[in-house]
Amino acid sequence: MYPHKKIEKKWQEYWAKNQTFRASESENKEKCYILDMFPYASSDGLHVGHPRGYTATDIYSRYLRMCGYDVLHPIGWDAFGLPAENFAIKKGIHPHETTQNSIANFHKQIQSLGFSYDWDREIDTSSPQYYKWTQWLFLQLYKKGLAYKAKAPVNWCEHCQTVLANEQVVANCCERCKNPVIQKLLEQWFFKVTNYADELITGLDDLDWPESIKTIQRNWIGKSEGAIITFPIKDTDILIRAFTTRADTLFGVSALVIAPEHPLLSSLNIHNQEELDDYIAKSKHKSDLQRTFLDKEKTGVRLDGVNAINPANNEEIPIFVADYVLGSYGTGAIMSVPAHDARDFEFAKKYDLPIKDVIMPSVVEDKISEAYIGEGVLVNSGKFDGMISQEARVAITKKIKGETTTTYRMRDWLVSRQRYWGSPIPIINCEKCGLVPVPEVDLPVLLPTDVDFRPTGESPLVASKTFHDVKCPTCNCPARRESDTMDTFVCSSWYYLRYISPHENDIPFDQSAIQHWMPVDLYIGGVEHAVLHLLYARFITKALRDMKFLKFDEPFLKLRNQGMILGEDGEKMSKSRGNVINPDTINEEYGADSLRIYEMFLGPLNDVMPWNTRSISGVRRFLDKIWTMYHTAIHADLPEKQTDPTLIKIINKTIKKVSSDIESMSFNTAISTMMICVNAMHKVQTTGHTIARDTLESFAVLLSPFAPHMAEELWELLGHADGITYTTWPVYDEALTKDITVTVAVQINGKSRGQICTPPDATQDEVQTLALADEAIKKWTNGKEIKKVIFVPGRLINFVII
RNA sequence: GCCGCGGUGGUGGAACUGGUAUACACGCAGCACUUAAAAUGCUGUCUCGAAUGAGAUGCGGGUUCGAUUCCCGCCCGCGGCACCA
């Protein structure tokens, strides 16, 4: 039995002492930056989901080191933010203390799994050395006009007592506490992500990322090309602009519908003002949840006494205010075309508006029961009749002097938070000078400790006299510091740059080191960050590039997702369900190598998989088998070269398959291949033969990325004193992977009826003669005419008979 | 509703570019070792059938000598978006 505790401890100490995984910036080696999404330093500690991604990157890192690459593989801690703060409040301990405890715990847990991180580069986003540069980043964005303060309707979580970014609102609820989010009009800080909307979409094309993530980002950014069409209000000078993607349907407009928030509402002379005010007040009180989920039925108010003019045909059309039109998208006004838009159709039915067909579908199906939203040929559209939708959009927009434009669904990133545990925003509010950035020499703006950090709806930093009251850096008048803190996602939007020169105190990152290491070559993490971290990091990279700090466009060239590990009951692991598996327990009982291999053997990296503790015994048996096999094989007169042809073939095949599987991240099949190899070696050994040194060495190297502790021990047992990490990955001989004979399937009409053994390069004639001479085949072909023969060399021969 | 991904033994899964479906592992059964158990090793394990065989990759069609793989139409599950004009 493999004594995992003793051996794992031995090699972990060896790696630490020798700084085995320290990344160097080597001139003559090709670099590879392999990154994990750093863990949130939660009080719960590591769960079994973490090691899944970490093992994948670790296998890849260890593999590449042996292939001669210069590998950077760092780890650190995402430490600021709400969960840490909430935990601290619950315990009545300062979040700094609870966070440091969590970090220490994570550090210990991760180290015990034998990951090959360069621990010298460990970072903690809540340390002043780190957040100094998060603040620096904020200032650069501010200088560039990419960080701004504005009053806007924002998402407010009553439970967490803070605003949230759009990306943190899931189904109209706070992604953290799941309580409904309400809209509030507040002055907040934003990052201008929308400036990069277009590049954030086009940049995706060249990235080696899962299509699913690209699609999620594209949908989130929500590019839509259309036109703004101006509708004059009858008997006034007022013009209302409506955004549409379907200018081709302009002749089918039945009404102009505007959002309750629309600014021009107050300038209109409306006869039923009271009714309107009532409606606006009601819709203001509705949360977005009610406006969308609960109120499927559309409501609105017709504005009496005012009408709009359709610029296409000068028809007079009614104006409605309805809250299905969003004030925050497009122009806050739409042209309602009931015949060709599902929502407008529903609205028109309710308010009895005319439904006028102006687009003929190419295939006419059922009528009137719903709107036809597809494209087609124009009818009832004056001189545009007969045109197809695509052409008509351009022509009509031009005719009525509309402006073509592009809008995006994505909004700017709201980064200020009214909570304590985050990086302070480095801005000073001066009555005379307005917003004044903190001079860079004064960074970091330290998070004060003399405050009650429990949330009150206002930033707790306001309560700190030492923090809050300052002198204006420009005019020296009394001023006050910005008291909000930054969203944790700001910290994580640039951490991959800090790993590159984590100890620099005067610069955020060293330019020449950045040149050497960036961009990240492989990034692994969960899908849940598709529109959060992954989008923010891309934005920050592009912004820093435009400020000449970086010379590349995208931070992460290749991305892979690790699927979630579910509980044994197939449900998501959670404390309340009681199905959480603690990796420490598994590590203790089966060892780190078993846990690593088990998590990879479960199935494809990307798939969601249920945990099954019983199955670990399989991989543990695999390791035990290797252990005893090596101990039996290694003795004084161990032959150097393998002579057994079966083993020569299998080891060459195994090297080939394991190498290609690691490169394609098919770790599960790499492991089954190694199992097949071990079973073969074991069989040879139990039948009294010896496994030679070259075979044992090659296999130990193949095993080492997966089970590094055991592999190191076996490597030492084979007489090597310098560790396995930087040894050379074995090469295989293609000729030796080939079988001497192959089994060719013989089919009759596509059904397998037998098999024959031939040399792999046998010709069709040879195979055919052999096959037709076979008794089992004769039975089928006797007296039948062979119409056709299909031959796939080395695989099958198929006789088509009548 | 729209978009994306998936459906293979009792279980996790494998299968190159359309070429012998079910590798590898778990579980289960039997045997060996043992006073016994655990551990370990060996053998078997898709279904029906005594058998030559027949049928199985969610369901129904199609293309093909041959389909888990390609095409059409459904059903189910998971994930994303959610009045975005």
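Owing to the predicted nature of the structure, the values given are computational and were not obtained by experimental measurement. Each chain gets a letter, A, B and so on, in the order the sequences are listed, and its residues count up from 1.
Under 4.0 angstrom from either OP1 or OP2 of B/A54 there lies at least one side-chain N or O belonging to A/Arg753. For B/A85, the OP1/OP2 oxygens have a side-chain nitrogen or oxygen of A/Tyr329 closer than 4.0 Å. For B/G79, neither phosphate oxygen OP1 nor OP2 lies less than 4.0 angstrom from any side-chain nitrogen or oxygen of A/Asn561. Neither OP1 nor OP2 of B/U11 sits under 4.0 Å from any side-chain N or O of A/Arg614. Listed pair A/Lys751 / B/G55 meets the phosphate criterion, a side-chain N or O lying under 4.0 Å from OP1 or OP2.
Here B/C81 presents its P atom at 12 Å from CG of A/Asn166, a figure rounded to the nearest Å. Rounded to a whole Å, the NE2 atom of A/His529 is 17 Å from the P atom of B/G79. Here the C1' atom of nucleotide B/C83 and the NZ atom of A/Lys350 are 14 Å apart, to the nearest Å. In this structure, A/Leu566 atom CG and B/G79 atom C1' are separated by 12 Å, rounded to whole Å. Atom CD in A/Glu599 sits about 14 Å away from atom P in B/G13, given to the nearest Å. Regarding A/Asn668, its CG atom lies at a distance of 15 Å from the P atom of B/A23, rounded to whole Å. Residue A/Gln755 contributes atom CD, which lies 18 Å from atom P of B/G19 at whole-angstrom precision. Distance CZ (A/Arg621) to P (B/U40): 5 Å, rounded to an integer number of Å.
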Any protein N or O atoms within reach of nucleotides 47-50 of chain B? Criterion: under 3.5 Å, listing atom names and distances.
none

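B/A32 and B/C48 have their P atoms separated by 28 Å, with the value rounded to a whole Å. Of the C1' atoms belonging to B/G6 and B/U69, the separation is 15 Å, rounded to the nearest Å. Separating the P atom of B/C65 from that of B/G60 is a span of 23 Å, rounded to the nearest Å. Using P as the reference atom, B/G1 and B/G9 are 29 Å apart when rounded to the nearest Å.
Residue A/Glu211 is classed as having no contact, given no heavy-atom separation below 4.0 Å to the nucleic acid. Nucleic acid contact class of A/Asn679 (heavy atoms, under 4.0 Å, all strands): sugar-phosphate only. A/Ile790 comes within 4.0 angstrom of a nucleotide base, judged by non-hydrogen atoms across all strands. In this structure, A/Ser615 reaches the sugar-phosphate backbone alone: every heavy-atom distance under 4.0 Å involves primed, P, OP1 or OP2 atoms, never a base.
Salt bridge present: A/Asp205 and A/Arg218 bring a charged side-chain N and a carboxylate O closer than 4.0 Å. Note on A/Glu346 versus A/Lys349: no salt bridge recorded, every NZ/NE/NH1/NH2 to OD/OE distance being 4.0 Å or above. Using a 4.0 Å cut-off between charged nitrogen and carboxylate oxygen, A/Asp208 and A/Arg560 count as a salt-bridge pair. Between A/Asp739 and A/Lys653, at least one side-chain nitrogen of the basic residue sits less than 4.0 Å from a carboxylate oxygen of the acidic one, meeting the salt-bridge criterion.
When each of A/Lys779 and A/Lys223 is assigned the nucleotide of RNA chain B with its nearest heavy atom, A/Lys779 is the one assigned upstream, toward the 5' end.
The side chain of A/Arg409 lies closest to B/C81, out of B/C81, B/G13, B/G19.
In the interface, the side chain of A/Lys298 is paired with the base of B/C83 through a donor and an acceptor atom under 3.5 Å apart. Between the side chain of A/Arg218 and the base of B/C81 there is no donor-acceptor pair of N/O atoms closer than 3.5 Å.
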Just to be sure I follow the notation: if a pair is Watson-Crick (purine N1 to pyrimidine N3 plus N6-O4 or O6-N4) or a G-U wobble (N1-O2 and O6-N3), each under 3.5 Å, what dot-bracket string does RNA chain B give, with | for pairs to another strand? (((((((..(((......[....)))((((((.......))))))(((....)))..(((((..]....))))))))))))....
